[in-house]
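Structure first, then comments.
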Amino acid sequence: MDPLKYFTFSMIIFILGIWGILLNRRNIPIMLMPIELMLLAVNLNFLVFSVSLDDMMGQLFALLVPTVAAAESAIGLAIFVITFRVRGTIAVEFINSIQG
């Protein structure tokens, strides 16, 4: 197994996630999808390091990442629903006026 291929693939996925966040700042659900892509890249790095170093900790962290991703998605969608009910739009430009 050549870990360099997997690291390169993971880096490409992570950069695509950053690129997706920077280019799609229109609404909240579109901004959540690149974050999930970045978490996928981190998860792949954990698995490749775990296999290449012959250690189980990377695989344990790889099981933890989907849990964090699910919690992040649930909180993000809750913010999306509340914002849509209060403001009537999901445009990110109008969210900066939320006071808390």
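- Residues satisfying the side-chain contact (heavy atoms from CB on, under 4.5 Å) criterion with Met11, sequence neighbours excluded, are Ile15.
- Leu63 belongs to no multi-residue hydrophobic cluster, having no ILVMFWY side-chain contact under 4.5 Å with any other such residue.
- Residues satisfying the side-chain contact (heavy atoms from CB on, under 4.5 Å) criterion with Ser10, sequence neighbours excluded, are Ala41, Leu44, Asn45.
- Judged as a ring pair (Phe, Tyr, Trp, His ring centres under 6.0 Å), and not counting sequence neighbours, the contacts of Phe7 are Phe49.
- In this structure Phe61 satisfies the ring pair (Phe, Tyr, Trp, His ring centres under 6.0 Å) test together with Phe46, sequence neighbours excluded.
- Other members of the cluster containing Met33 are Ile30, with ILVMFWY side chains joined at under 4.5 Å, either directly or via other members.
- Rounding to the nearest 0.5 angstrom, the gap separating the OG atom in Ser50 from the CE atom in Met56 is 6.5 Å.
- With sequence neighbours left out, the side-chain contact (heavy atoms from CB on, under 4.5 Å) criterion links Met31 to Val92.
- Cluster membership for Leu47 and Leu64, using ILVMFWY side-chain heavy atoms within less than 4.5 angstrom, is not shared.
- Residues forming a side-chain hydrogen bond (donor to acceptor under 3.5 Å, both in side chains) with Glu72 (at least two apart in sequence, or on another chain): none.
- Summarising the geometry of Ile13 relative to Leu37, their closest heavy-atom pair is CG2-O, 3.4 Å, with the distance given to 0.1 Å.
- Ile75 is not connected to Ile82 by any chain of hydrophobic side-chain contacts under 4.5 Å among Ile, Leu, Val, Met, Phe, Trp and Tyr, and they are in different clusters.
- With sequence neighbours left out, Tyr6 forms a ring pair (Phe, Tyr, Trp, His ring centres under 6.0 Å) with no residue at all.
- Applying the side-chain hydrogen bond (donor to acceptor under 3.5 Å, both in side chains) rule to Asn43 yields no partners; only residues at least two apart in sequence or on another chain are considered.
- Residues that satisfy the side-chain contact (heavy atoms from CB on, under 4.5 Å) test with Ile12, not counting sequence neighbours, are Thr8, Leu16.
- Considering every non-hydrogen atom in both Gly17 and Pro34, the closest pair reads O-CB, 3.2 Å.
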